[in-house]
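Computed from a prediction, not measured in an experiment: that's the story for all the values here. Below, read A as the first sequence line, B as the second, and so on, with proteins coming before strands; counting in each chain starts at 1. Only heavy atoms go into these numbers, but all of them, side chains included; no hydrogens, no water, no symmetry mates.
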Amino acid sequence: MKSHITDLIVQALDQLAAAAVIDSADLQTPLVERTRDPSHGDFASNVALVNSKAAKMRPRDLAAKLIEVLPSSELVAAVEIAGPGFINFRLADRAYASLIPEILRQGHDYGRSRIGAGRRVQVEFVSANPTGPLHVGHGRGAAYGAVVADLLEAVGYTVHREYYVNDAGRQMDILGTSVWLRYLELCGEALDFPSNGYKGDYVWDIAATLHREHGDAYRHAADEVFDGVPLDEPAGGDKEAHIDGLIGRAKALLGDNRYRFVFELGLNVILDDIRDDLGLFGVEYQEWYSERSLTESGKVNKVIDRLRESGHLYEQAGAWWFRSTEFGDEKDRVVVRENGQITYFASDIAYHLDKLERGFDRVIDIWGADHHGYVPRVKAALQALGADPSRLDVLLVQFAILYRGGQKAQMSTRSGEFITLRELRKEVGRDAARFFYVMRKCEQHMDFDLDLAKSQSSDNPVYYVQYAHARIHAVLRQAAERLVDVEPSDGAINLERLVETHELDLLKSLSRYPEVVEAAACNEEPHQLTHYLRELANDFHTYYNAHQFLVEDAALRDARIKLILATREVLRNGLNLLGVSAPEQM
RNA sequence: GCGCCCGUAGCUCAGUUGGAUAGAGUACUGCCCUCCGAAGGCAGUGGUCACAGGUUCGAAUCCUGUCGGGCGCGCCA
């Protein structure tokens, strides 16, 4: 609809350029928008305003010239100049009604497009460390990333969803050691658990599995384990040095193979839990990319060598630094620590280079907002390696604050830890959680009202939209009970009977859907879709209240059934893109 | 101190990339079921777009500064 109007304007502009009325070199691309005010018609263009300089004419005069040469169209009922020089278009009523057979024909494809032209885009999201279950902070990134990926797919991109698994590094060593220490306690060893260890219940669970299946096979005396380890913080020492010492003892006492076994057990149990959790949240990946595979394949070392050879690294105080300030970062960053270990940043450089080398046209990272300081150094590294940093977009998701009973509810009542995503899903359900998480744009701090998400009332936007869908099915069921024929006729038959204001408003909303999907996808803004669906549901509910669908007049009934079937299609398609169910009954 | 994000109705938030008279939901008030699901609809009240300058035909939107809130500034990840 919108593209049709744009075509008309472009043709008119070409005519004027050909007649040398305006200078084609200075032409601004015209913008066609939906009008906010119905008295301005259906669409408006600012083409005359933005090109008045190029034409050396007042906007209204240029608008008049454009209208003179504007090709006529069956879909356009009226064109007029308004305000400072806007050109307003009013569509013919039939222009909208012709949409219904189109929607019914396209079915679940209605709203999808090919503007992505099959370009390959990678979306990496969540990527939480497998050191514990996902919490509600990860939930927003999960929902947001999943919907952005689905939207991009809907507009024709080939999407590769990826989870970067931090299965190497110090945090994982801390987890493995935490599991082992809990295991030792289960064996009967008395010890002070390190203040920097992982204390969650899930660590006990993993330790119990180890103890149940392997008895005392991994047992060492507590005295032996803590021998020579620097003091912990509560004892007047340093908690980092303490935990590093314990990791060293674990590796020494268990040996490579047995240490690896404990480490892997912890990793696998938690990763399986995360996979399961995300699956139940409706989030699926094409690939789980292992950080360890990067180091083991030598890709990290290769990247460090390349940087060193090209003069982007220097040695200071025993560590190797990347000169990221050369590319606009605030300070230089360490890639190889004094003790010879590579930093997380080093493997992240290799990972991002690998993404670009895999041939994606675009790479999108979705991170928590607390990582924003990390963006310049990653882009700096890519630039230093001769890659194009503009192919990488980092989308930062702000935190969500949960409210229950008007109070902040960040801590779980059960464990005293952060509320897990699993607990949230149990409390409010998958549909509400998904919908609420993407209801706000990602850079907006979000207040997540748990009571509202749970409530089964019209106050709850999820129920409001789902109810519209269920209500349409209720009408169809009712028709079946009354043995009324609701099998819709083909094509545009009877659609001229749709003349009520409510019907035209509903049709207009249905016609907007592809534009909404496109805008939501191109701007990575799922909230545009949630807002649209609420408006569409409102149009339907209003219509429902104002008119009967199952009327005696068979032709009118047919037209109305076709309209609500088209509405059902769009509601279902939209909810589907959000990962929210479209129930037939509630 | 420096950097990033945010500031719009009592509350939660939109605002079509600079356009016409700033919009929803919620809350509050009053209406609407002998009628396909009232889990719904209609109407009303509610604004110095944080503040001050600047850019231009035109600013909630862009630039500068101030104030307020969040987050970052590690040889952690």
Side-chain angles (χ1 to χ4, degrees), chain A residues 2 31-37 39-40 44 46 49-50 52-53 58-59 82-86 88 128-129 131 166 168-172 174 240 291 316-321 330-331 333-345 347-348 368-376 396 398-399 401 403 406 439-449 452 455-461 463-464 466-468 470-479 481-482 484 512 515-516 519 523 527-528 530-531 534-535 537-538 540-551 560 564 585-586:
Chain A
K2 189 168 156 181
L31 202 70
V32 174
E33 299 179 314
R34 296 265 173 182
T35 57
R36 303 174 197 206
D37 184 342
S39 71
H40 297 141
N46 63 353
L49 283 89
V50 293
S52 69
K53 274 180 188 160
R58 283 192 303 242
F86 289 102
N88 291 341
N129 285 344
T131 54
N166 295 115
R170 183 164 169 266
Q171 292 305 317
M172 285 307 300
I174 295 176
E240 305 289 350
E291 177 187 7
Q316 190 180 71
W320 283 91
W321 296 70
E330 289 176 344
K331 49 176 293 190
R333 311 291 175 176
V334 170
V335 287
V336 184
R337 291 161 67 184
E338 191 186 2
N339 63 10
Q341 288 190 326
I342 58 156
T343 59
Y344 174 87
F345 177 47
S347 41
D348 224 13
D370 53 335
H371 285 67
H372 67 79
Y374 205 73
V375 180
L396 299 168
Q398 296 290 332
F399 296 121
I401 301 172
Y403 284 86
M439 217 162 39
R440 310 293 176 218
K441 52 184 175 197
C442 69
E443 65 264 35
Q444 182 69 248
H445 301 141
M446 181 171 80
D447 286 351
F448 191 125
D449 187 337
L452 181 60
S455 83
Q456 308 210 349
S457 75
S458 59
D459 300 352
N460 185 340
Y463 278 86
Y464 185 81
Q466 289 181 319
Y467 179 45
R471 222 177 191 185
I472 292 170
H473 279 271
V475 173
L476 300 177
R477 282 193 298 271
Q478 182 67 224
E481 276 176 34
R482 292 199 215 158
V484 175
R512 278 174 54 213
E515 294 159 28
V516 171
N523 299 305
H527 76 274
Q528 292 200 29
T530 62
H531 281 91
R534 214 208 167 275
E535 287 159 18
N538 181 46
F540 171 75
H541 288 310
T542 303
Y543 179 36
Y544 180 97
N545 265 65
H547 300 282
Q548 285 275 312
F549 307 143
L550 303 177
V551 290
R560 289 183 170 170
I564 65 170
Q585 234 170 324
M586 298 172 70

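- Looking at Thr131(A) and Gln171(A), their side chains never bring a donor and an acceptor atom within 3.5 Å of each other.
- Using a 4.0 Å heavy-atom cutoff across all strands shown, Ala82(A) reaches at least one base atom of the nucleic acid.
- Going from the P atom of A9(B) to that of A14(B) covers 12 Å, rounded to whole Å.
- Evaluation of the side-chain hydrogen bond (donor to acceptor under 3.5 Å, both in side chains) rule for Asp449(A) yields no partner, not counting sequence neighbours.
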With B for base contact, S for sugar-phosphate-only contact and - for none (protein heavy atoms under 4.0 Å), nucleotides 72-77 of chain B reads S-SBSB
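- Nearest heavy-atom pair across Leu550(A) and Val475(A) is CD1-O, 3.8 Å.
- With both ends at atom P, the span from G72(B) to U16(B) equals 30 Å, rounded to whole Å.
- Looking at residues two or more places apart in sequence or on another chain, you find no salt bridge (charged side-chain N to carboxylate O under 4.0 Å, His left out) involving Arg471(A).
- Taking the side-chain hydrogen bond (donor to acceptor under 3.5 Å, both in side chains) definition, one finds that Glu330(A) meets it with nothing, sequence neighbours left out.
- For Arg440(A), counting side-chain heavy atoms from C-beta on, the closest listed nucleotide (C71(B), C6(B), U12(B)) is U12(B).
- Evaluation of Phe86(A) against the base of A20(B) yields a stacking contact (centre distance < 5.5 Å, interplanar angle < 30°).
- Out of A20(B), C5(B), C36(B), the shortest distance to the side chain of Ala44(A) is found at A20(B).
- The aromatic ring of His40(A) is stacked on the base of A20(B), with the two ring centres less than 5.5 Å apart and the planes inclined by under 30°.
- Between the side chain of Arg333(A) and the backbone N or O of Lys331(A), at least one donor-acceptor pair lies under 3.5 Å.
- Separation of the P atoms belonging to C62(B) and A20(B) is 16 Å when rounded to the nearest angstrom.
- For Tyr344(A), the side-chain hydrogen bond (donor to acceptor under 3.5 Å, both in side chains) test picks out no residue, with sequence neighbours left out.
- Among the heavy atoms of the strands lying under 4.0 Å from Gln585(A) is at least one base atom, whether or not backbone atoms are also near.
- For the pair Asn460(A) CG and U26(B) P, the computed distance is 11 Å after rounding to whole Å.
- No donor-acceptor contact under 3.5 Å links the side chain of Asn46(A) to the base of A20(B).
- Between the CZ atom of Arg34(A) and the C1' atom of G19(B) there is a distance of 18 Å, rounded to whole Å.
- With contacts defined as side-chain heavy-atom distances shorter than 4.5 Å, the pair Arg337(A)/Thr343(A) qualifies.
- As rounded to whole Å, 6 Å separates atom P of U12(B) from atom CG of Asp447(A).
- One can place NZ of Lys441(A) at 11 Å from C1' of A60(B), the figure rounded to the nearest angstrom.
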Contact list (N/O, under 3.5 angstrom) for nucleotides 41-43 of chain B vs protein:
unit_1 : atom_1 : unit_2    : atom_2 : d
G41(B) : OP1    : Tyr464(A) : OH     : 2.3
G41(B) : OP1    : Asn538(A) : OD1    : 3.2
G41(B) : O4'    : Asn545(A) : OD1    : 3.4
G41(B) : O4'    : Asn545(A) : ND2    : 3.3
G41(B) : O3'    : Thr542(A) : OG1    : 3.3
C42(B) : OP1    : Thr542(A) : OG1    : 3.2

